[in-house]
Chemist: 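Take a look at the following structure, please.
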Amino acid sequence: MKKETIIGMGVVLLGFLAVSFSFGAEPIKVGIIDTYTGPATAYTFDVLDGFKMAVNKVNAMEGGLGKKIEFLTRDEKFKPDIGLAMAKELVLRENVDILMGTINSATALAVSDFAKKEKTPFFVTFSKSDKITGEQGHRYVFQITENTLMAGRAAAFALAKKPFVKYWIAGDDYEYGHAIADGVWNQLKKLKPVVQLLGKSWWKVGETDFTPYITAILAAKPDFIIVATGGSGMVNFQKAAKATGLAQKVPFYQHTAIELSTLEPQGLDAPEGVYGTANYLFYYPDTPENKAFVQEFRNTYNRYPKIGALYGYVTGVLVEKGFAKAGKVDKEKFINAVQGMVIDSPVGKLELRACDHQLMLPMFFGVTKKVPQYPFLIASDIVTIPPKDYMPACEEIKTLRK
Amino acid sequence: MATLNIRGKESWLVPILFILLLVFPLVLTRFYTYLLALIFVSGLAAMSLNLVLGYGGIYQFHHAVFYGVGAYGAALTITKLGYSPWIGFLVGPLLAAFISLVMGAICVRLSKLYFGMLQISLGSLVWAIVYRWYSFTGGDDGIHGVSMPDLIGSTTGSYYFTLLVTAACLIAMYLIVKSPFGSALQGIRDNPVRSEAVGVNVKLHQLVALVIAGFFAGVAGVLFIVVDNSAFPDMLFWTLSLEILIMCLLGGWLTFLGPMLGAAMMVALRTFASTFTEYWTLIQGIILMLVIIFLPEGVLGYVNAKFKQLGNLASGGKA
Amino acid sequence: MLRIEGIQKSFGGFMAVNGANLGVQKGEIVAVIGPNGAGKTTLFNLITGIIKPDGGRVIFKEEEITGLPAYRICKKGMSRSFQVVNIFSRLTVFENVQIAVLSRHGKTFNLFTPSRKLLIEETSDILQSVGLTDKGRSVSGSLSHGDQKALEIAIALGGHPELLILDEPTAGLSPEETIRCIDLIKRLSADLGLTILFCEHDMELVFAIANRIMVMVRGKSIIQGLPADVRCNREVQDAYLGESESGVCLA
Amino acid sequence: MEFLSSICPPEILCQILVGLSRMTILFIVASGLTLILGVLRIPNIAHGSLYMIGAFVAFSVSKWFGGGTTGFWMAVVLAPFAVALLSLVVERGIFAHLYEREHLMLLLLTFSFALILGDLVKVVWGGEYRTVQLPGSFKGPIPVESLPIPIYNIFLVIIGPFVALGLWFFTNKTKIGKISRAAAVDREMVGAVGINVSWVFAIVFVIGCFLAGMGGALVSPIVNITLGMDHTLIMEAFLIVIMGGLGNVWGALLGALIFGLTQSLGILIWPQFGIVFPYAAAVTVLLFRPTGLLKSTW
């Protein structure tokens with residue numbers, strides 16, 4: 001082996017040694033791993049901005065502990081191996097007290113496993129995997145968003161009251177799509193045994209041309225379609241539904257179809273009459289809390305808050321209140337303080353359930369509609385489904401975790 | 001030819017480097033220990049590719065398949081079949097070698113770009129299967145929390161395990177490169193027609209090389225499980241394959257240790273660039289572009305050439 | 001030792017070799033001559049299995065080897081050099097020859113013994129015989145053209161052949177190098193008792209060393225015989241000189 | 001139509017028609033890729049990024065002209081030229097100096113461009129979705145046998161053959177096209193007869209990239225324009241090019257046809273594994289015809 005090679009490698013190693021002497025930080029440090037590149041940003045930017053809004057408020061008025069909250073972001077670019085490495089970097093090098101993120105379920109689950117090992121609280125802000133607080137849940141992980149099981153059950157709850165019998169299931173062929181579809185269907189069959197499934201179609205994630213699938217579905221003549229798409233698939237499918245006229249022929253449901261993230265980019269081109277569920281709508285409920293939140297968000301960022309803003313904001317509040325209640329920057333004390341905590345939010349009081357660390361959010365069910373006051377569609381005929389109606393019971397979680 | 005020679009006067013540096021690496025966890029923080037382990041994993045994957053790319057001249061475009069199969073083979077053996085991790089560690093590389101044998105047997109009749117294209121198509125099929133076989137592979141969520149034996153469960157433990165396995169693999173690969181098989185392989189790289197004419201069964205040698213490379217890539221996949229306790233379908237996606245190719249190229253694909261250096265550069269760059277900018281792929285792309293334009297033989301290749309030029313290498317000559 | 005019967009090969013409708021016949025006896029030096037594009041190199045490629053014939057037979061040591069892959073034909077004791085330098089350009093001169101020697105000893109699947117310990121003497125001997133001993137450590141791609149041509153032959157010798165096939169061994173060489181090359185071929189034949197089949201443009205060289213000569217024109221072998229017979233053959237004169245000047249003996 | 005529906009059920013007919021429109025976009029992008037691959041020998045991974053940039057530029061242009069019919073047509077016309085201009089700068093600035101490098105180097109070089117362009121798009125347009133409004137005349141479906149086909153898809157199916165004919169005209173009837181075909185076979189020879197090969201290459205590269213931009217512009221009204229839209233597309237385009245035979249434009253058409261149809265019909269046969277069919281088709285083709293269906297220029 002050549003001398004210079006070895007010397008070179010030695011220099012690299014010494015370099016590592018030199019930079020590794022870092023210092024502990026005074027403020028509360030939150031490390032955020034999320035996807036800030038690609039389609040997912042339609043959701044993740046709002047999480048970050050909502051979180052920032054909460055944190056800035058705390059920092060401006062010296063939060064309960066008298067410490068500032070500092071945060072570091074890492075763009076994992078939807079790659080779980082990189083996301084995991086980044087989480088490790090944040091904990092091992094930056095010594096963050098709290099981890100939060102990410103929209104990618106694979107990353108969320110991997111980081112959750114790491115958080116458990118490192119005994120560092122991890123707030124999952126957008127991944128909808130029901131494994132996070134379900135079978136793979138543990139003391140150190142919290143889910144601030146609804147999960148697929150919850151979303152599916154909530155939708156089934158509302159759909160069971162509709163007259164549709166012959167269903168078709170279609171969706172993005174990945175864990176999220178299947179989980180949503182299974183969530184709706186299993187619950188729907190339980191609530192309304194007469195329903196029948198005519199068939200299923202799955203397409204690859206990122207599919208842009210849905211017309212072939214839609215024509216196949218139309219040929220089967222179902223009463224209703226459960227469309228389990230996520231991310232960019234939401235808008236893509238709605239566009240195709242509009243172009244083929246599907247939206248007028250067969251009603252369909254998409255989780256988050258009524259949500260601003262899906263409707264705003266399409267402007268007035270979005271199809272009307274699409275059923276959807278969402279945890280947050282900036283115009284509903286029409287309460288002072290929500291109005292104040294929307295006003296503040298618009299003042300700061302000059303746009304309407306989407307669903308992610310609520311998740312980010314609530315996480316910021318929980319971090320601040322948790323540490324304030326714990327009385328010191330101690331991860332174990334923080335968890336003891338934050339689990340079971342009830343906080344105020346734009347959608348009312350929210351409880352971070354102690355038994356599985358799942359935030360109990362209300363779910364809104366509605367159908368898309370054009371209105372004169374906005375340059376995009378909004379939800380109408382909104383039904384609020386309270387969390388106790390669709391969340392799995394604590395006993396259920398216990399058996400899942402064994 | 002730019003290979004490295006251990007017989008020179010500098011051979012004493014190798015044990016010293018190894019001892020340095022052995023004591024690093026005692027002085028480094030856990031993060032740097034982890035980062036080094038990650039570099040070993042990526043580096044081993046890149047070096048296994050370079051066995052066929054740099055030494056064999058085979059355009060293996062989708063090498064990550066074997067890395068991923070190794071990881072999944074181990075992870076599934078441990079989590080789904082419930083065997084001991086040590087058995088999983090064996091199953092991973094063997095499965096990778098087997099997939100490599102099947103894919104190699106199909107692709108090896110083609111050469112250069114056509115080989116690469118067919119291989120990338122086949123590899124994409126393997127990826128698609130892993131990606132959608134929810135009930136078994138966990139689909140796009142991947143597999144998480146693969147439990148490790150206590151001995152190698154900690155950051156330091158996994159570091160030492162990774163270090164030792166990587167070192168063993170490097171020695172084995174070095175021996176192979178220096179063996180008659182390695183000579184024949186380099187002959188095939190330089191001139192397949194002539195190799196055939198001197199009695200070397202080119203396709204068979206290439207196939208064996210592919211299987212060996214697949215095996216070592218599988219070992220790298222297993223080490224990823226050891227370090228990160230997870231397996232993801234992204235490990236089999238074609239973009240990762242190109243990243244591994246880049247590691248070979250950055251470090252120097254005609255040198256033995258170049259890919260390891262390339263991996264160190266890529267991992268370090270990604271880790272540190274991403275701490276101050278979300279545009280780290282931009283930086284990655286620019287560096288890659290500059291290296292291709294100005295250092296076509298990679299960093300280590302360039303350094304070697306410079307030293308040769310300076311005439312400092314009289315003692316490091318080769319047999 | 002080698003017999004070729006009516007071998008044929010066409011490339012996209014062009015008959016490169018169209019029924020060539022050839023016989024080589026043990027110990028002979030046989031030359032193949034013919035104008036440019038007569039199909040000499042193609043013929044050699046067909047014999048050594050680099051390309052597969054469309055028809056005809058190749059018989060080597062009483063065994064049919066038609067269409068066998070090149071590496072198997074090589075194992076049977078037939079080695080060749082190439083017209084255009086065809087070496088392992090990133091490897092050293094020593095390694096170039098060693099690959100051929102390792103291959104002949106069937107050691108190329110040996111994974112863990114260092115090459116540098118294997119078959120050193122035999123390789124060195126071959127390098128010595130072609131006069132490249134002192135260049136053993138040079139990277140072959142950086143050699144002069146003359147040395148590369150010598151290396152061409154050395155690689156072919158690495159296979160320890162009974163029949164050595166040389167495709168224009170002196171192409172591109174200076175007059176001095178050509179003389180060295182002629183000496184080398186003669187020595188190989190005399191000292192090692194090699195049977196040699198070669199093709200060449202240099203008529204002087206051909207008539208100086210060949211025992212027998214085969215003439216190819218437009219893919220066909222038109223005559224095979226002693227130098228003296230070939231020299232004054234009418235057909236050969238037609239092919240080389242054009243019909244107007246026939247009646248003059250070649251060279 | 002009635003004749004067709006008598007021999008096959010309407011939903012299959014529908015799938016075929018839709019598969020054809022999917023094919024058109026793939027063909028336009030892949031034909032540019034194969035042109036560059038055939039003449040310049042560059043496996044251009046950044047081709048997908050150019051397609052993405054074409055779509056983003058189409059968005060910006062359409063917005064500039066206030067959307068609607070004008071916006072759409074201006075976008076479809078101007079976006080490819082913008083991409084062509086960008087590619088000219090890249091070709092003259094960088095690729096022109098590196099043609100002699102190994103394919104592997106060129107492949108990775110274009111990959112480095114894909115990385116750079118991807119982040120630059122993010123710098124310029126941000127990370128959110130963008131959409132281009134479909135002009136009013138293209139809105140809505142027309143029913144074929146009671147099943148709807150969007151008008152825009154039919155428009156695409158019509159455009160496809162025109163692009164193929166245009167390319168055929170370019171490569172066979174124009175001087176530059178003829179030179180480029182000769183250069184694909186023997187670069188030195190063309191250089192030797194005194195033609196400036198370098199500029200021929202530049203023109204071919206720019207045309208290839210123009211097609212990528214055109215694909216992006218044409219697809220922009222029916223998808224949401226987003227970062228990452230290049231990733232799946234470039235893989236599919238490469239498979240099409242390989243299937244058809246490297247450098248063969250008609251091969252790209254054939255490959256795109258196979259790809260589009262196997263994907264559409266695969267959904268009918270086995271919905272869950274619909275996407276496996278085109279990949280399996282590519283592997284099958286290559287198993288039996290390793291150098292592609294039609295003659296490769298390599």
Side-chain angles (χ1 to χ4, degrees), chain B residues 53-54 57-62 103 106-129 131-134 237-239 241-243 245-250 253 277-293 296-298, chain D residues 37 41 43 45-46 49 90 93-95 97-98 100-123 127 231-232 234-236 238-239 241-243 245-246 272-273 275-287 289-292 296 298:
Chain B
L53 179 79
I58 303 169
Y59 283 7
Q60 173 108 302
F61 284 166
H62 209 340
M103 276 173 66
I106 294 171
C107 299
V108 84
R109 12 178 231 131
L110 304 179
S111 55
K112 295 287 169 187
L113 213 50
Y114 282 110
F115 176 99
M117 299 287 186
L118 182 56
Q119 207 249 340
I120 220 168
S121 322
L122 281 168
S124 303
L125 265 185
V126 176
W127 168 79
I129 291 167
Y131 188 73
R132 50 192 39 242
W133 196 359
Y134 301 96
F237 198 56
W238 64 272
T239 48
S241 288
L242 285 188
E243 264 175 49
L245 262 172
I246 289 171
M247 290 175 190
C248 294
L249 192 78
L250 271 185
W253 62 305
T277 172
E278 57 181 277
Y279 297 109
W280 49 269
T281 46
L282 183 70
I283 296 171
Q284 219 175 34
I286 290 172
I287 289 181
L288 175 65
M289 186 179 82
L290 293 176
V291 168
I292 294 172
I293 295 175
E297 305 243 303
Chain D
L37 197 55
R41 307 280 159 108
I45 293 191
S49 312
V90 170
I94 293 160
F95 284 121
H97 310 290
L98 299 169
E100 299 310 316
R101 296 286 176 81
E102 282 195 59
H103 304 317
L104 188 66
M105 296 288 168
L106 292 172
L107 179 94
L108 289 179
L109 187 66
T110 62
F111 183 59
S112 77
F113 271 100
L115 294 176
I116 293 169
L117 291 176
D119 262 2
L120 283 183
V121 166
K122 192 178 161 190
V123 172
H231 270 211
T232 40
I234 187 66
M235 195 66 203
E236 293 177 349
F238 259 111
L239 286 179
V241 167
I242 304 158
M243 264 198 279
L246 303 186
Q272 294 202 23
F273 284 86
I275 72 139
V276 172
F277 282 81
Y279 288 91
V283 169
T284 315
V285 164
L286 292 177
L287 276 181
R289 292 191 66 98
T291 56
S296 157
W298 281 50

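In the text below, chain A, chain B and the rest are named by the order of the sequence lines, each starting its count at 1.
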Chemist: Given heavy-atom pairs under 4.5 angstrom as the criterion, report whether the side chain, backbone, both or neither of V241(D) touches chain B.
Modeler: neither
Chemist: Just how far is it from atom CD1 of I242(D) to atom CD1 of I120(B), taken to the nearest 0.5 Å?
Modeler: 7.5 Å
Chemist: Between L286(D), L104(D), L98(D), L287(D), which residue shows the highest count of heavy-atom pairs closer than 4.5 Å to chain B?
Modeler: L104(D)
Chemist: Could you have a look at T239(B), L125(B), I287(B), V291(B) and say which one has the most heavy-atom pairs with chain D under 4.5 angstrom?
Modeler: L125(B)
Chemist: Relative to chain B, which segment of L239(D) carries a heavy atom at a distance below 4.5 Å: side chain, backbone, both, or neither?
Modeler: side chain
Chemist: Can you tell which part of L110(B) gets under 4.5 Å to a heavy atom of chain D, answering side chain, backbone, both or neither?
Modeler: side chain
Chemist: L109(D) versus chain B, heavy atoms under 4.5 Å apart: side chain, backbone, both or neither?
Modeler: both
Chemist: Considering only heavy atoms, which portion of Y59(B) lies under 4.5 Å from any heavy atom of chain D: side chain, backbone, both, or neither?
Modeler: side chain
Chemist: Looking at side-chain heavy atoms only, is the closest gap between L242(B) and I45(D) below 4.5 Å?
Modeler: yes
Chemist: Calculate, to the nearest 0.5 Å, the distance between atoms OH and CH2 belonging to Y279(D) and W127(B) respectively.
Modeler: 6.0 Å
Chemist: Checking L107(D) against chain B: side chain, backbone, both or neither under 4.5 Å from a heavy atom?
Modeler: side chain
Chemist: Quick one: OH on Y114(B) to OG1 on T291(D), what's the gap to the nearest 0.5 Å?
Modeler: 5.5 Å
Chemist: Locate the shortest heavy-atom distance separating G285(B) from S112(D); write the atom from each residue and the value.
Modeler: O-CB, 3.5 Å
Chemist: Is any side-chain heavy atom of F111(D) less than 4.5 Å from a side-chain heavy atom of I246(B)?
Modeler: yes
Chemist: Is chain B contacted by the side chain of I116(D), its backbone, both, or neither, given a heavy-atom distance below 4.5 Å?
Modeler: both
Chemist: Could you give the distance from CZ (R101(D)) to CD1 (I292(B)), rounded to the nearest 0.5 Å?
Modeler: 8.5 Å
Chemist: Contact part of I283(B) toward chain D, heavy-atom cut-off under 4.5 Å: side chain, backbone, both or neither?
Modeler: neither
Chemist: Given a strict heavy-atom distance threshold of 4.5 Å, which part of L249(B) is in contact with chain D: side chain, backbone, both, or neither?
Modeler: side chain
Chemist: Could you give the distance from CE (M235(D)) to OG (S121(B)), rounded to the nearest 0.5 Å?
Modeler: 6.0 Å
Chemist: Would a 4.5 Å heavy-atom cut-off, applied to side chains only, mark F113(D) and L288(B) as touching?
Modeler: no
Chemist: Does any heavy atom of chain D fall under 4.5 Å from the side chain of F115(B), the backbone, both, or neither of them?
Modeler: neither
Chemist: Taking the side chain as everything from C-beta on, heavy atoms only, tell me whether W280(B) gets closer than 4.5 Å to D119(D).
Modeler: no
Chemist: Just wondering, do M289(B) and L115(D) contact through their side chains at under 4.5 Å, heavy atoms?
Modeler: no
Chemist: With heavy-atom distances below 4.5 Å as the criterion, would you say the side chains of L108(D) and L245(B) are in contact?
Modeler: yes
Chemist: Compare every heavy atom of M105(D) with every heavy atom of P296(B), then report the nearest pair and how far apart it is.
Modeler: O-CE, 3.3 Å
Chemist: Please look at L117(D) and chain B and tell me whether the side chain, the backbone, both or neither of the residue comes under 4.5 angstrom of a heavy atom of that chain.
Modeler: neither
Chemist: With the side chain counted from C-beta on, respond yes when H97(D) and I293(B) share a heavy-atom pair under 4.5 Å apart, and no when they do not.
Modeler: no
Chemist: Counting N and O atoms only, with roles assigned by atom type, does the side chain of R109(B) sit under 3.5 Å from a partner on the main chain of P290(D), one being a donor and the other an acceptor?
Modeler: no
